[in-house]
Amino acid sequence: MVTAAPRPRTGPGTDRGETSSVTRVARSTTTTPGRLTIMAVALLVVTAVTGIVAALTLQAKQDTLDDLVEHREPLAAAAQQIFRSLSDADATAASAFLSGGVEPQALRDRYELDLAQAGAALGKASSDVGGDSLAGDQVAILSQQLPVYSGLVETARANNRQGFPAGAAYLREASTLMRAKLLPAAEKLYEIDYDRLQAEQEDARSIPWAAIVLFVVLAAALVLTQRYLTRKTNRLLNIGLVTASAALVVALVWSSAALLVMSAHVGDAERNGSQQVDVLVRARINALKARADETLTLVARGDGPGYEQEWKQLSTTLVGDGPDNLLRQAKALAAGGATADQLQQAVDNAAAWVAAHRKIRELDDGGQYEDAVKAAIGDAPDSAATAFAKLDQNMIAALNAGRTEFFTQTSGAGKALTGLVPGVAVLALIAAAGITLGIRERLREYR
């Protein structure tokens, strides 16, 4: 005989257990002990959430500062190095070619060093491409075209040593490749890395709104709870809740002070470090391009008006009192001291270089080509080569000072947060303990 399974009960008593639990909770809210229990639980939850969010936020800022020093700035510097080395290689190759025959060993060594530095920096920069297709495209262009450029320069050099006029054509083709493909790719890669650097600096300086809101909510909840207890117990102070409030105040004051100091350091690192370096990078690139134009105009021997026109455009970013003067912009961003002095010397040497360039053009236009070449690449105190070398040394020194300032200020920002994460966690635990003990003492009075 088969017995049918009993049907599940669906009558009014089915959810009796659940209903009674809900009823008990609802009734507890009408009693003082029940309300105190709910307040305690709510305060503990808000305290835990506030402590966790604050600790995670502060740790994220510490990680961002560490990444700026150890990863992001060095990669931006690598992209700068590619840009600067390629520009210097182009200018140096033109100066070496203009010397005729076998180029000076110093210029040859400088050119080879530029290519080696560009290759090493390219390898470092390529490690950070990741999923950025635009950055990957620039790395691919540089990797593919750099050997082509160096091959054209070697062909120009071989022809020049034998006195063949084709050497000048090969050198101009190499310079055209440099300016049409290599330098734009290097500049774009640098812009990508610099934008990432700025984004991380902005992230480090951003206001932690979530943590602030939670601090305010917790503070308000503690105040309201203590007012409620004062009315119910006629006791002015609750030691446990006062301890919790004190821990909250300490955490808030400590965090606020540390974040303000950190933000100030990051701001200084941005203004006197990364921004100044960015302006100087652009100034040095323009100077190197202008130097290459200066020598290529002579290499072209009558076919170089385009180079001279570009020289005039680039030189306006190095001399004069207008807003386009990059050297004066960098000086305005400098923290002062030795860096400002270096930049003032750069301004003076840029003016001396412009004066030397005018002399070159006067000699060349007057039919004194050999004298013009000497004025361009000779080692006389008033030569263009001497003035440009001094200018370049000034900019390199200022660039290095800017990077040092970035590291100093960013490291100082990190030190401002030292111990803050574990400190906030401990203070959150103290607040939680104070809440628990303070309300438990009041609950005992109702037993």
Side-chain angles (χ1 to χ4, degrees), residues 73 76-77 80-92 94-95 106-107 109-111 113-114 117-118 121 183 190 194 271-295 311-360 375-408:
E73 196 282 338
Q80 292 172 14
Q81 187 63 55
I82 298 170
F83 201 3
R84 290 155 48 189
S85 294
L86 291 179
S87 298
D88 191 61
D90 194 41
T92 303
S95 296
L107 291 178
D109 291 343
R110 179 168 177 168
Y111 167 79
L113 178 61
D114 283 333
Q117 289 178 334
L183 288 182
Y190 167 63
Y194 183 66
R271 173 183 169 80
N272 303 324
S274 56
Q275 284 186 2
Q276 178 186 309
V277 167
D278 177 58
V279 174
L280 282 169
V281 166
R282 289 187 280 122
R284 187 166 186 244
I285 297 304
N286 286 355
L288 290 167
K289 286 181 180 178
R291 176 59 177 166
D293 286 330
E294 185 173 67
T295 50
W311 187 94
K312 291 178 180 179
Q313 294 174 354
L314 293 170
S315 64
T316 59
T317 65
L318 304 172
V319 295
D321 298 324
D324 294 333
N325 190 323
L326 296 174
L327 293 178
R328 293 191 181 278
Q329 289 180 28
K331 184 182 176 182
L333 292 169
T339 303
D341 293 341
Q342 286 285 354
L343 290 169
Q344 182 57 54
Q345 293 177 31
V347 171
D348 297 339
N349 288 324
W353 179 33
V354 170
H357 179 80
R358 293 197 191 100
K359 181 179 178 181
I360 293 171
I377 64 173
D379 56 2
D382 61 344
S383 71
T386 300
F388 175 78
K390 290 180 179 179
L391 170 62
D392 199 44
Q393 289 171 1
N394 297 147
M395 288 190 289
I396 290 174
L399 276 167
N400 292 335
R403 289 197 66 196
T404 300
E405 184 70 11
F406 173 89
F407 283 113
T408 300

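Summarising the geometry of Y111 relative to T92, their closest heavy-atom pair is N-CG2, 3.9 Å, with the distance given to 0.1 Å. The nearest pair of heavy atoms linking L343 to A398 is CD2-CB, 3.7 Å. Closest non-hydrogen pair, A387 versus A352, comes out as CB-C, 4.0 Å. The shortest heavy-atom contact between A332 and R271 is O-NH2, 2.9 Å. The minimum heavy-atom distance between R84 and V281, with the atom names listed, is CD-CG2, 4.4 Å. Closest approach of L314 and T317 over heavy atoms only: O-OG1, 2.6 Å.
Counting only heavy atoms from C-beta outward, the side chains of N349 and Q393 never approach each other to under 4.5 Å. With contacts defined as side-chain heavy-atom distances shorter than 4.5 Å, the pair Q117/D88 does not qualify. No side-chain heavy atom of F388 sits less than 4.5 Å from a side-chain heavy atom of E294. I396 has its side chain within reach of R284: a pair of non-hydrogen atoms, C-beta onward, lies under 4.5 Å apart. Using a 4.5 Å heavy-atom threshold, the side chains of D90 and L288 count as separate.
Between atom CG of residue N286 and atom CG of residue L318 there is a gap of 6.0 Å, rounded to the nearest 0.5 Å. To the nearest 0.5 angstrom, N272 atom CG is 12.5 Å from T404 atom OG1. Rounding to the nearest 0.5 Å places CD1 of I285 at 9.0 Å from CE of M395. The structure places CG of L280 at 4.5 Å from CG of L399, a figure rounded to the nearest 0.5 Å. To the nearest 0.5 Å, atoms CZ (R328) and CG (L333) are separated by 14.0 Å.
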Exercise. Please walk me through it: do L183 and L86 pass side chain to side chain contact (heavy atoms under 4.5 Å, CB included)?
Worked result: CA-CA 7 Å; L183 288 182; L86 291 179; 3.9 Å; yes
Problem set entry | Audit row: K331, L327, side chain to side chain contact (heavy atoms under 4.5 Å, CB included) steps and yes/no | CA-CA 6 Å; K331 184 182 176 182; L327 293 178; over 6 Å; no
For this session: Please test Q329 against N325 for side chain to side chain donor-acceptor pair (under 3.5 Å), starting from the C-alpha separation and ending with a verdict.
Result: CA-CA 6 Å; Q329 289 180 28; N325 190 323; over 6 Å; no
Problem set entry | Steps toward side chain to side chain contact (heavy atoms under 4.5 Å, CB included) verdict (W311, V354) | CA-CA 10 Å; W311 187 94; V354 170; 4.2 Å; yes
Problem set entry | side chain to side chain contact (heavy atoms under 4.5 Å, CB included) evaluation trace for Q275 with Y194 | CA-CA 9 Å; Q275 284 186 2; Y194 183 66; 3.7 Å; yes
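A donor and an acceptor atom, one from each side chain of D341 and Q345, are nowhere located under 3.5 Å apart.
Between the side chain of S95 and the backbone N or O of A91 there is at least one donor-acceptor pair closer than 3.5 Å. Judged purely by atom type and a 3.5 angstrom limit, S85 has no side-chain atom pairing as donor or acceptor with the backbone of I82. In this structure a side-chain-to-backbone donor-acceptor pair under 3.5 Å is present from T386 to A380. With S383 contributing its side chain and G378 its backbone, the two residues share a donor-acceptor pair below 3.5 Å.
Note on R291 versus D392: no salt bridge recorded, every NZ/NE/NH1/NH2 to OD/OE distance being 4.0 Å or above. Residues R282 and D278 are paired through a salt bridge, judged by an N-O separation under 4.0 Å between the basic side chain and the carboxylate.
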